[in-house]
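So that the names make sense, note that chain A is the first sequence line, chain B the second, and so on, each numbered from 1.
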Protein chains: 2
Amino acid sequence: MSALSDVARLAQVSKATASRALSGRGYVSDEARDRVLAAAAEIGYVVSTNAQSLVTGSSRNVGVVIPFINRWYFGDVLEGIESALIAAGYDLTLYRLSADSAERRRVFDYFLVRKRVDAVIAVGIELAQSEVRMLHALGKPTVGIGGPIDGMATFSIDDVAAAALVTDHLISLGHTRIMHFGGDQSEQMDFRVHSQRLAGFQQAMAAAGLDAGPDAFRTTVLSIPGGYSVGLMVLADPRTRPTAVFAGSDEVAIGTIVAARQLGIQVPNQLSVVGIDGHELADMFSLTTLAQDPGEQGRLAVHRVMEELVGQQPAAPRTWTPFPVRLEVRGSTRAPAASAVAQ
Amino acid sequence: MSALSDVARLAQVSKATASRALSGRGYVSDEARDRVLAAAAEIGYVVSTNAQSLVTGSSRNVGVVIPFINRWYFGDVLEGIESALIAAGYDLTLYRLSADSAERRRVFDYFLVRKRVDAVIAVGIELAQSEVRMLHALGKPTVGIGGPIDGMATFSIDDVAAAALVTDHLISLGHTRIMHFGGDQSEQMDFRVHSQRLAGFQQAMAAAGLDAGPDAFRTTVLSIPGGYSVGLMVLADPRTRPTAVFAGSDEVAIGTIVAARQLGIQVPNQLSVVGIDGHELADMFSLTTLAQDPGEQGRLAVHRVMEELVGQQPAAPRTWTPFPVRLEVRGSTRAPAASAVAQ
DNA sequence: AGCCACTGTGGAACCGGTTCCACAATCGCG
DNA sequence: CGCGATTGTGGAACCGGTTCCACAGTGGCT
C-alpha cells in the first residue's frame with residue numbers, strides 16, 4: 001500500500017506539506033496542493049486510520065452494546081444509531097451482550113476498554129455503577145438508551161407513566177377486569193423496564209379502585225411467541241378471562257391477539273388488547289398502542305455523544321431525558337360488552 | 001493513559017522484553033515475565049490497538065455490510081456473524097447499505113477501503129464486478145451471504161431448487177391453482193433471490209404441466225405487512241382466488257395468512273400457504289416452510305473469512321457453497337377441498 | 001577444553017501519519 | 001526603506017507498539 005511519503009515524493013514536497021494539503025489544515029500554496037492531490041489520486045492513496053488515530057488519539061468509532069438484534073425495538077434503535085453515526089462520519093462497532101455474565105465481563109474488559117472506540121452507547125442494558133465509573137475513568141462519553149442510570153446521560157420513555165396511561169385508557173373504556181402481561185425480570189439484563197411498567201399498571205389500577213393483585217399479572221418473554229403462549233394459557237378459561245389485557249410490549253400484544261383469535265375470542269368485542277411500542281405491525285393488527293420512536297432515540301443518543309465528543313462547551317448534565325410517546329387508538333380496544341362481562 | 005514504556009520502566013526491563021512478556025512471543029524468563037505482568041496490572045495497562053495494528057498491519061476487525069437490520073433473516077444472520085466474530089476475538093463494524101447508490105459509493109470508497117477492516121462480509125448485497133475487484137486488490141478476504149457472485153466465496157441456499165421444492169410440495173398435495181407472491185426486483189439491492197425463486201416456481205409448475213403465467217405471480221415487499229397487503233388484494237375475489245400460495249418468504253406467508261383470516265378464508269381448508277425461511281414465528285402460525293438457518297450461515301461465513309485471514313494453507317476456492325434446507329410441513333398446507341376448487 | 005545451540009535481554013529501526021518549530025520569502029504599511 | 005506580520009515549506013519529534021539484530025551467558029556434546 002502506498003503511504004504518505006510516497007505521495008510526498010511524487011509531488012516533490014515534504015511529508016509535512018503533503019499532510020497539510022490532504023487534511024486542509026495549515027498553510028499550503030495552491031500549486032503544492034494541486035500537485036499533492038494529483039499524486040494521491042494517481043497512486044490511489046488512502047490514509048491509514050491507525051496511524052491517524054495513534055497520533056490524534058481519536059478513532060472516529062463508536063461502540064454500541066445491545067442485548068438483542070432481532071427484536072423490533074432493538075433493531076430499530078440500532079438502525080437509528082447507525083444512520084446517525086454514518087452521517088457524522090463515524091463507524092459503529094457492534095457488541096451484542098447476552099445475559100451470560102462471563103461474556104459480559106469479557107466484552108467490557110477486553111473489547112470496550114482495549115479497543116478503539118471513542119464512545120459507548122448502551123442500549124437496554126443496566127450498567128453497574130462500577131462499569132459506569134470504569135467508562136468515565138477512561139474519559140469516554142457514554143450514553144444509555146432505556147435509563148435512567150445514575151451518573152449517565154440516558155434516554156427512554158417514562159415507563160411508569162406510559163404503563164399508567166394505557167391502563168387508564170382501558171379503565172376509561174369501562175374495563176374492570178384487566179390483566180398485565182409483562183416481562184420477566186430475570187429474562188434479560190435491561191433496565192427496570194419491566195418492574196416500572198408493572199408499577200405504572202398497579203398505580204393506575206389502584207387509583208381507580210380496581211384489583212391488581214398477583215392474579216392480574218403474568219410474566220412472559222417479551223416477544224410475539226411469548227405473548228402467544230401466555231395468551232393461550234390465560235385466555236383459555238372463560239371464567240377467569242379478563243376483558244382487557246395490557247401487554248408489556250407490542251410483540252406480546254400481537255401474540256396475545258393471535259392466541260385470542262385461535263381460541264375463538266373476538267378482539268375487541270370480547271377482549272381488548274393494548275401494547276407499548278408502536279411496532280411496525282401494530283397497524284396491521286389494528287393494535288391500540290402507546291407509540292414511541294426507537295430510531296429517533298438512537299439518533300438522539302448519537303447527537304448527545306457527538307456533543308460531548310466535539311465538546312468545546314461543557315456537555316449537558318448526565319441525567320435522564322424522558323422521550324415523548326403518543327397513544328394511538330386503533331381497533332383492538334373497545335368498551336367491554338355486557339355479555340363478555342357476564343360470561 | 002499508560003504506555004508500554006511505563007510498564008517497562010516499572011518492571012525494570014526494556015520495551016522489547018515487556019512486549020514479549022505481554023504477547024507471549026519470544027524468549028522471556030519467568031522472573032521477568034512476572035515482573036512485567038505485575039507492573040501492567042498495577043498501572044492498569046491496556047495495549048493501544050492502533051499502535052498494534054499500525055505495525056502488524058492487521059486490526060482484528062471485520063466489516064459487515066447489510067441492507068436491513070430489522071428483517072428476520074438479516075437480523076439472524078447478523079447475530080450469527082457477531083457471535084462467531086466475538087468468539088474468534090474479532091470486532092464487528094457494521095455498515096448498513098440502503099438502496100441509495102450515492103450512499104453505497106460512499107460506504108465503499110470511504111469506509112470500507114479507508115477504514116480498518118481486515119475483511120468484509122457482505123450480506124444480501126449484489127456486488128458489482130468492479131467492487132469485487134476493488135476488494136481483491138486490497139487483499140482483503142471477502143465473503144458473501146446470498147450468492148453466487150463471480151469471483152467471491154459465497155454462501156446461500158439454492159433458491160431455484162428451494163422454490164421448486166415447495167412448489168412441488170403444493171403440487172403433490174393436488175393443488176393446481178397456485179400463486180407465487182415474490183419480491184420486487186427493484187425493492188432492494190440483493191442478489192437475484194427474487195428472480196431465482198420465481199424461476200424455480202415456474203420450472204416446477206411447467207414440469208407438472210400447470211399454468212404459471214403472469215396471473216400466477218404478484219410482487220410485494222418481503223415483509224409481513226407486504227404479504228398482508230398483497231394477500232388482501234389477491235384473495236378478496238373468490239373467483240380468481242388460488243387454492244395455494246407459495247410466498248417468497250415466511251414473512252410474506254405470515255402476512256398472507258393474517259390477511260386470509262381477516263377475509264374469513266380458512267387456512268389450510270380453503271387456502272394452503274407455504275413459505276421459505278424457517279422464521280421464528282412459523283411454528284406459531286403453523287406455517288409449512290422450507291427452513292434455512294441464517295445464524296449458521298453467518299457463522300460459516302466468519303469461519304471462511306478466518307481461514308483466509310489466518311491462512312497459511314491456500315484458502316478454498318472462491319465459489320458458491322449451497323446451504324442445506326429442510327422442508328418443515330406444518331398445518332398451513334393440505335390437499336385442496338373439492339368445494340374450494342369448485343368455488 | 002572447545003564449539004555450537006539455545007535462552008534471555010536491550011538497542012534501534014520501523015509502521016504511517018500529525019504537528020511543533022525554525023526558517024525563508026513576500027507583503028503591507030508607517 | 002525598514003520592520004513586523006503573514007504565508008509557505010521542510011526537518012524532526014512523536015504517538016505506542018513489534019520485531020530484527022547483536023550480544024552475552026549457559027549448558028550439552030564431542
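With values rounded to the nearest 0.5 angstrom, D76(A) atom CG is found 11.5 Å from E296(A) atom CD.
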### Query
Which string of ( ) [ ] | and . matches DNA chain C, if you list each base 5' to 3' and count Watson-Crick or G-U pairs only when both distances are under 3.5 Å?
||||||||||||||||||||||||||||||
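Residues satisfying the side chain to side chain donor-acceptor pair (under 3.5 Å) test with S29(B), not counting sequence neighbours, are none. Partners of E79(A) according to the salt bridge (Lys or Arg N to Asp or Glu O under 4.0 Å) rule, which considers only residues two or more places apart in sequence or in another chain, do not exist here. Under the side-chain contact (heavy atoms from CB on, under 4.5 Å) criterion, A84(B) pairs with R299(B), V302(B), sequence neighbours left out. The side chain to side chain donor-acceptor pair (under 3.5 Å) test applied to T93(A) returns N61(A), not counting sequence neighbours. Residues passing the side chain to side chain donor-acceptor pair (under 3.5 Å) test with R318(B), sequence neighbours excluded: E308(B). Remark: N50(B) pairs with no residue by the side chain to side chain donor-acceptor pair (under 3.5 Å) rule, at least two apart or across chains. Taking R35(B) as the reference, E31(B) meet the salt bridge (Lys or Arg N to Asp or Glu O under 4.0 Å) condition, with sequence neighbours excluded.
Looking at heavy-atom distances under 4.0 Å, A3(B) makes contact with sugar-phosphate atoms alone, never a base. Using a 4.0 Å heavy-atom criterion, one finds that R20(B) contacts the bases of the nucleic acid, with or without backbone contacts as well.
Contacts classified as salt bridge (charged side-chain N to carboxylate O under 4.0 Å, His left out) and involving residues 7-24 of chain A (residues at least two apart or in different chains) are given here: D6(A)-R9(A). Identified under the salt bridge (charged side-chain N to carboxylate O under 4.0 Å, His left out) test for residues 39-50 of chain A, with sequence neighbours left out: none.
Between T17(B) and N50(B), the residue anchored closer to the 5' end of DNA chain D is N50(B), taking for each the nucleotide with the nearest heavy atom. A residue-by-residue look at A16(B) and A51(B) shows that A16(B) has its nearest nucleotide of DNA chain C further toward the 5' end.
A heavy atom lying under 4.0 Å from DNA chain C marks none of the residues of residues 27-41 of chain A.
A 4.0 Å heavy-atom criterion places the boundary nucleotides of DNA chain D facing chain B at dG16(D) to dC20(D), written 5' to 3'.
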